[in-house]
Amino acid sequence: MTREILVELADAVAGGKAERDSPYPPERRGEDGAAEICLAALAAGVSPEDVLRRGLVAGMQRVGERFARGEAFIPEVLLAAKAMRAALAHLEPRLAKEEAGRRGTVVLGTVAGDIHDLGKNLVGMVLQGAGWRVVDLGVDVSADRFAQAVRAEHPRVVGLSALLTTTMAHLGPTVERLRREAPGLPVYVGGAPVTPEFAERIGAAGTFPDAFAFARHLGEAG
Amino acid sequence: MDTDLAELHRDVVFGRAGGKILWQPRILCWYEDRRFRGEELPEPYAGMDLYEIYRSLRCSARLYDEYNSCFRRVEHPAVRIETRALSETDTETRIRTPAGDQTAVHRRTSTSSHPITLKWEVESMAELHVATWREENTDWEWDRDRFDAWRAKVGDLGAPTMYMPRMNVQSLYVEKMGVESAVFALYEHPAEVAAYFRALDESHDRLIDVINASPVDIVNFGENVHAGTLSPDLFLRYHLPACRRRADRLHAAGKFVSSHWDGDVKPLLPYAGETGLDGIEAITPKPQGDVTLEEVREALGDGMFLLDGIPAVYFDDTYPVETLAACAERVIELFAPRLVLGISDEISSTGDLERVRVVGEIVDRYNAGVEAGP
């Protein structure tokens, strides 16, 4: 029973079926979505940690695998993330009590001067789906604001985003500021113009081609 | 300047240049960022305006903004657009129409000339309905006086060129809703979205009638295509048919038609030949983009033009100038004569403008070789 309901939940997440009333996908109209299946799993006594890991995380991982193979794109990821969030809304209150399901906190933001948020939002959704608590500082975030968030949130990881070659110039000083604030805290950087060589040169912990690769790396790093 | 760059621009895209190519880098961002920050331009550009810099660099300019201003969007007379300050930084725009209202909220920042969108123009189906009504009731006008004024001011730098407003999915993503809300609208409210797309197509048909009657012969679809968001599914379902249809209508009046693909493009490149376009602008090769120049060449085949082709990062000092020169030469080798060489898609404000001269010299040598013959 537990296994079946968690497989069903992972299917709903991977297929982007958020709630019973959700019009997408049209072929599943009227069927339970991730929200209802999550509630049913909890009511059946499945632990919140299992619901998170074997249901939501498993569903998002499946989308990630399709994304890596070039079979899924950002729209499919957003639809899956919406389903994941619909279930997470019911799970969150339980997880707050049972932190065992959580990997830790990630602070994310787009650096000063840059107002692009899609890449950063996707990273947030995927990390949330991978069991991380995500603190999203938004766009146009100064190095000082990142430092304040590090002091307040005690993250295990920080992720900085920049889409433009112009704003990429803010990544280095922000990484430097965070190194002074919290020596040893891994600060990752991402965005279209960011290369591994650039990340290394500015002293970042690394960069990844997409949100799923980043989530996999953080998962492997424990 | 010894070369008539406007004439060369027209001759290259219409295949009358005898094999020559055009160097047409875009430097607006480099220029505008400095102006926004109130910085003096570095020597030898101090005191120059944008066009004087182009002339100093001895290269052509792609004059989109200038000639775009000659095509005016005219809304239904009952539409009222009001703005009010919500705070020192935030401004609300309210668009009142007989079909209902739309609101948008933007935040000005000290770090960028582009405001942050706090509330998109369309965030509900009611607002999408208003957007649909507005397109149904929009007309377009041509301003000959403005055209003549621009031609007198910058006509030496490039042929009259314009870009059209974005089509269906990209209109929702970039102009109306933002990507996340637009994706949910596309998949969860397809009928309402289809009505907006129909109205947009018809509005743009009316614009094409105005373009076709104008002397602007080089037309771009300013789409900012990115395969990550415009997935092959959405591209084939919405973008490709609209692109073909528009291109066919513009070709009927003899226009040169390209589209701006400036994101990841690898999954979409196989469809390039089906778009009906004469060329694609801003495709960004590795290491900045997701495709090699050779993959782009294969996708564009022998019939299509490449506009641009040199990744913008090569104009920054993070790469040696030799890398830039080698790339420029490879782009020419692969794509000439169907090439308007440029930067994919603009030199950034951290770029070195002197590198624009380096590429200009390569292009001058190439064109001189073409002129001299084998």
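This structure is a prediction, so every number in the text was calculated from the model and none was measured. Residue numbering restarts at 1 for every chain, and letters A, B, ... go by the order of the sequence lines. Values below: every heavy atom of this structure, side chains too, minus hydrogens, waters and symmetry copies.
Annotation: side chain of A:Thr195 is not in contact with side chain of B:Thr318 (no heavy-atom distance under 4.5 Å). Between B:Arg107 and A:Asp140 the shortest side-chain heavy-atom distance does not fall below 4.5 Å.
Separation of atoms CZ (A:Phe73) and CG (B:Leu268) is listed at 7.5 Å; rounding is to 0.5 Å.
Taking each heavy atom of A:Leu79 and B:Phe184 in turn, the nearest pair found is CD2-CD2, 3.8 Å. Of all heavy-atom pairs between A:Ala169 and B:Thr350, the closest is CB-CG2, 4.4 Å.
The neighbour count for B:His114 NE2, taken as heavy atoms of other residues, nucleotides or ligands under 6.0 Å away, does not exceed 12. Atom CD of A:Glu27 is surrounded by more than 12 heavy atoms from other residues, nucleotides or ligands within 6.0 Å. No more than 12 heavy atoms of other residues, nucleotides or ligands shown are found within 6.0 angstrom of CD on B:Glu298. Heavy atoms from other residues, nucleotides or ligands lying under 6.0 Å from CD of A:Glu176 number more than 12. Other residues, nucleotides and ligands contribute over 12 non-hydrogen atoms within 6.0 Å of the CZ atom of B:Arg37.
With respect to chain A, the highest number of heavy-atom pairs below 4.5 Å among B:Pro267, B:Ser348, B:Ser112 belongs to B:Ser348. Counting heavy-atom pairs closer than 4.5 Å to chain A, the top residue among B:Gly178, B:Ala312, B:Cys29, B:Pro232 is B:Pro232. The greatest number of non-hydrogen atom pairs below 4.5 Å with chain B, out of A:Pro23, A:Gly113, A:Pro75, is found for A:Pro75. When the candidates B:Asp316, B:Val313, B:Val179 are compared by the number of heavy-atom contacts under 4.5 Å with chain A, B:Val179 comes out ahead.
For B:Tyr173, the part lying under 4.5 angstrom from a heavy atom of chain A is the side chain only. Only the side chain of B:Leu234 comes within contact range of chain A, with heavy atoms under 4.5 Å apart. Heavy atoms of B:Asp33 lying under 4.5 Å from chain A belong exclusively to its side chain. Contacts of B:Pro311 with chain A are absent, with no heavy-atom separation under 4.5 Å from either backbone or side chain.
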